[in-house]
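Only one structure is covered here, and it is reproduced in the block below.
Chain identifiers are assigned alphabetically (A, B, ...) following the order of the sequence lines, protein sequences preceding nucleic acid strands; residue numbering begins at 1 within each chain. Scope of the values below: all heavy atoms of this structure, side chains included, with no hydrogens, waters or symmetry mates.
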Amino acid sequence: MEDFLSLLNESQRQAVTYNDGPSLVIAGAGSGKTRVLTYKIAGLLQQGYAPSSILALTFTNKAAREMKDRIAGIVGENLANKLWMGTFHSVFYRILRIESDNIGFPSDFTIYDSADSKNLIKTIIKGMKLDEKTYNPNKVHARISQLKNNLVTPQSYMSRNDLHEVDMHARMPLMKDIFTTYTNRCLKAGVMDFDDLLLYTNILFRDHPGVLVKYQNYFKFILVDEYQDTNFAQHLIIKKLADRHHKVCVVGDDAQSIYSFRGANIENILRFQEVYPECKLFKLEQNYRSTQNIVRAANSLIDKNKEQIKKNVFSENSEGNIVKVFSAYSDTEESNIVANAILAMHQSKKYEYKDFAILYRTNAQSRILEEAMRKKGVPYKIYGGLSFYQRKEIKDVLAYFKLSINHADEEAFKRVINYPARGIGETTVSKIAECANMHNVSFWDVISNPLGYNLQVNSGTALKIGNFRMMMEEFTAETESKSAYDMATTIIHRTGILKELYQDKTPENMTRQQNIEELLKSIHEFCETKEEEEGEEMPLLNVFLQEVSLLTDQDNNKNENLDMITMMTVHASKGLEFKNVFIVGMEEELFPSNMSTGSEESIEEERRLFYVAITRAEENCYITYAKSRFRNGSSAYCNPSRFLKDIDPDLLELPDDYKMSHGRVLREALDSQFENFRRQEPTGYNLKIKNTTETTSFKANPPKFNFNLGTRMKPMSSTAATPNPNSISNFSGQDNSNIKVGDFVEHEKFGIGKVTQLEGLEGSTKATIEFRNSGVKKILLKYAKLKVIKG
DNA sequence: ACTAATAACATTTTT
DNA sequence: TGTTATTAGT
């Protein structure tokens, strides 16, 4: 304990060592929040708290994993692995499965992601013959999500006139019926959506006091990361669980609350002290990330927000440069300015490409930036867009997994019933749907007993349905005895997915093949780590599914070390840091978004978003805006963002032409601007632009290569390696084809061993290896990370 | 039942 | 503009 306390500053140390009751840790940007959390947990473990008595909740799997790793580094893997540490959703998914009997769900209920939820809502709206424009499925989904986040069930909705009035006002008087039907359909299908995981946890604790007491006693200490992003459902779960021991520590920064549109309630952190009057407040105010001028600029901005917890964030780093603003005539020019600036700074040898990030408000802005980077030869990676697990081919395979585990899963059923095409078309599916809804049973129930439910199909179709059913039943039977990886390969072979994908060589198909390969690889890795870490003999498919259903792309950070600039939305940048940050598109209607200019609260949230963007920068922060921009097909004129006026003019270097359009409005800004000119030192990079012709003045050397240096994190159509169309075996990157019986090999995890047997076909050879310390293992060569050593 | 063509549509998105 | 969803046609 003592040894790591010396690594903390005074306020960090106080926050870490106080464990007598509830505490609120306000952690300013870059103030070492994760450090406090990890040391606190490590300290609790060293004090003798059992790891299983500590509940630590995060918002991303990545955050949980990183924290667990750091704790493992202090107290060892054994203890760290036993912590209840994970996302809200994964932890309570686990608990809900254990307690499923109490809430009327099967123990292996599956998860609908937001796309599944929206699909179901859409079919319900269609089924009710409602107009899809007034009952916009996206809006309905958002509303239902909002209701659930506030713990409104269809039952309690009825007794709430205020809620109904809101929906009447939105011209959706039948919201209640859609909500009810949606809830019933999910129940019937044995599925929960993301919001349900929190809602049903609350229902479980509300209706089963014995269960609540069990977990209250179990969790002696509760920690919550990013508390400013919790919603009401999450707040209440924490409150209930902490009700016995009161040892709850929440960490967060109200100034970085940017997810209210998803139900996060900033009040949770603002009013935490009212909920727990005996609460201790700790403020982490020293920023270790950014220069003083960046911290000051950010402070001056966030100061304009009314609702916030007072804090004095400061930096003792060097003073650094002030924030520089550049204007461009168009979005194209803006992109070129940024690309040229990056090239210039890179060529000065002071920075690598990975020291740069371009942050924007909307994903749509990435395209034009991407183009500029490609033209100038700046290597880049883009985060965002479709996540791996949302890809069609991945969802298709996962749907087979889900349906094998849970026959009732309606969305999974609809997804795979005719994929690959087996002649069960739209009409047949709607007949099944009709039947199922009429008898209030699942789709699977209908095809299990077509005669009993009077399903009207011709004999040919009936046969096809029967075949599908038999195939699925075989899968289900096999999931009991085969490992997740074996099941996965079985399924993609026997369903014909593989054949389908390897039929033609369109570029889209090639990336699909690669994605399926990637999925298989990850399942294999999953099985390996489960075997090693948890000693599970055979990790089953349902175990994999439980984990993968709550996984997102944020967890794939394998490209982290490549020397490329990063492009992402400001939202996606939260928690990250870069030496140089470019915030682009700083215009009215875009940042703040025109969707958020309605209320003061949403403007404050946009301002916090801007605050998050600025505080990502360690050394230099640049802001750009364009005077015209292509938006929704046509070019539109834009004005600089109002937020530029919120930053202390002494800490901002505005472009000359800012006064042309804002001279009258911004006298003070301009006055100080002139002062700045006099006392500002040149930075070494001539980034300033005054007019279009001068843009060329910092045009960097032309790119040496003409081909695309940029890579997207998840290419939709990629020019990457071509997999062998006849086998699914050569994408893993491991070439272990030279391994022979008798060789000595070294495995990343199992250590040194001797190959005693090889079996199976080429491409999927299994090797039996006797490891010196890890025993005998059978390993698939194509995935194994093996090194041959001379024996 | 599948493909091609057209219309409609567009924030942010830790799970 | 660029994507996505529905519709018409084969």
If I pick the [atom1] atom on [M] and the same atom on [N], what distance separates them, to the nearest angstrom?
| N | M | atom1 | result |
| --- | --- | --- | --- |
| B:dT11 | C:dT6 | C1' | 24 Å |
| C:dT3 | B:dT14 | C1' | 25 Å |
| C:dA5 | B:dT12 | C1' | 23 Å |

Would you kindly give the [atom1]-to-[atom2] distance between [X] and [N], to the nearest whole Å?
| X | N | atom1 | atom2 | answer |
| --- | --- | --- | --- | --- |
| A:Arg65 | B:dT14 | CZ | C1' | 13 Å |
| A:Glu371 | C:dG2 | CD | C1' | 13 Å |
| A:Met595 | B:dC9 | CE | P | 13 Å |
| A:Glu547 | B:dT15 | CD | P | 13 Å |
| A:Phe194 | B:dT13 | CZ | P | 15 Å |
| A:Glu605 | B:dT12 | CD | C1' | 9 Å |
| A:Tyr200 | B:dT15 | OH | C1' | 17 Å |
| A:Met67 | B:dT14 | CE | C1' | 13 Å |

Counting side-chain heavy atoms from C-beta on, which of [options] comes nearest to [X]?
| X | options | result |
| --- | --- | --- |
| A:Thr60 | B:dT14, B:dA10, B:dT12 | B:dT14 |
| A:Ser596 | B:dT13, B:dT11, B:dT14 | B:dT11 |
| A:Asn136 | B:dT13, B:dT15, B:dA10 | B:dA10 |
| A:Glu606 | B:dT13, B:dT11, B:dT15 | B:dT11 |

Which residue lies toward the 5' end of DNA chain B, A:Phe59 or A:Asn138, if each is placed at its nearest nucleotide?
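Residue closer to the 5' terminus by nearest nucleotide: A:Asn138.
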Toward the 5' end of DNA chain B, by each residue's nearest nucleotide, A:Asp229 or A:Gly633:
A:Gly633
Ignoring hydrogens and angles, state whether a donor on the side chain of A:Ser90 or A:Thr87 is under 3.5 Å from an acceptor on the partner side chain.
yes
Checking A:Arg608 against A:Asp254 for the salt bridge (charged side-chain N to carboxylate O under 4.0 Å, His left out) test, could you report, in this order, the C-alpha distance in whole Å, the side-chain angles of both residues, the deciding distance, and whether it holds?
CA-CA 9 Å; A:Arg608 290 193 292 269; A:Asp254 54 297; over 6 Å; no
Mind checking if A:Tyr259 touches a base, just sugar-phosphate, or nothing, with heavy atoms under 4.0 Å?
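Base, at least one base atom sits under 4.0 Å.
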Considering every strand and a 4.0 Å limit on heavy-atom distances, what is the contact class for A:Thr362: base, sugar-phosphate, or nothing?
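Since only primed, P, OP1 and OP2 atoms lie under 4.0 Å of A:Thr362, the category is sugar-phosphate.
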Would you say A:Glu307 has more than 12 foreign heavy atoms packed within less than 6.0 Å of its CD?
no
Above 12 or not: heavy atoms from other molecules or residues under 6.0 Å from CD of A:Glu577?
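Yes, enclosed.
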Side chain A:Arg361 and base B:dT11 donor-acceptor under 3.5 Å
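Such a pair does not exist between side chain and base.
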Confirm from the modelled atom types if A:Asn632 and C:dT1 form a donor-acceptor pair under 3.5 Å, side chain to base only.
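No pair found.
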With respect to the phosphate group of [N], does any side-chain polar atom (N or O) of [X] fall under 4.0 Å of OP1 or OP2?
| X | N | result |
| --- | --- | --- |
| A:Ser114 | B:dT13 | no |
| A:Asn61 | B:dT15 | yes |
| A:Asn363 | B:dT13 | yes |

Take the angle between the ring planes of A:Tyr215 and A:Phe205 and call it parallel below 30°, perpendicular above 60°, tilted in between.
tilted
Students often mix this up, so state it plainly: with edges at 30° and 60°, are the rings of A:Phe401 and A:Phe544 parallel, tilted or perpendicular?
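Rings of A:Phe401 and A:Phe544: perpendicular, as their planes differ by over 60°.
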What do you reckon, are the aromatic ring centroids of A:Phe591 and A:Tyr360 less than 6.0 Å apart?
no
Answer with yes or no after comparing the ring centroid distance for A:Phe59 and A:His89 against a 6.0 Å cut-off, counting only values under it.
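A:Phe59 vs A:His89: aromatic centres not under 6.0 Å.
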Please write out the pairs of protein N or O atoms and N or O atoms of nucleotides 1-8 of chain B separated by less than 3.5 Å, giving the distance to one decimal.
from  : atom 1 : to       : atom 2 : distance (Å)
B:dA1 : OP1    : A:Gly425 : N      : 3.0

Answer yes or no as to whether B:dT12 has its base stacked against A:Phe261, where stacking requires a ring-centre separation under 5.5 angstrom and planes under 30 degrees apart.
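Answer is yes, a stack.
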Please tell me if the side chains of A:Ile266 and A:Tyr259 come closer than 4.5 Å, counting only heavy atoms from C-beta onward.
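No; the side chains remain at least 4.5 Å from each other.
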Tabulate protein N/O versus nucleotide N/O from nucleotides 3-10 of chain C, keeping only pairs under 3.5 Å, one per line.
from  : atom 1 : to       : atom 2 : distance (Å)
C:dT3 : OP1    : A:Arg367 : NH2    : 3.1
C:dT6 : OP1    : A:Lys122 : NZ     : 2.8

Return the set of residues passing side-chain contact (heavy atoms from CB on, under 4.5 Å) with A:Thr332 (not counting sequence neighbours), or none when no residue passes.
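Result, side-chain contact (heavy atoms from CB on, under 4.5 Å) vs A:Thr332: A:Ser330, A:Asn336, A:Ile368.
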Hey, mind stepping through A:Tyr93 and A:Phe109 against ring-ring contact (aromatic ring centres under 6.0 Å, His included) and telling me if it holds?
CA-CA 9 Å; A:Tyr93 187 16; A:Phe109 68 87; 5.1 Å; yes
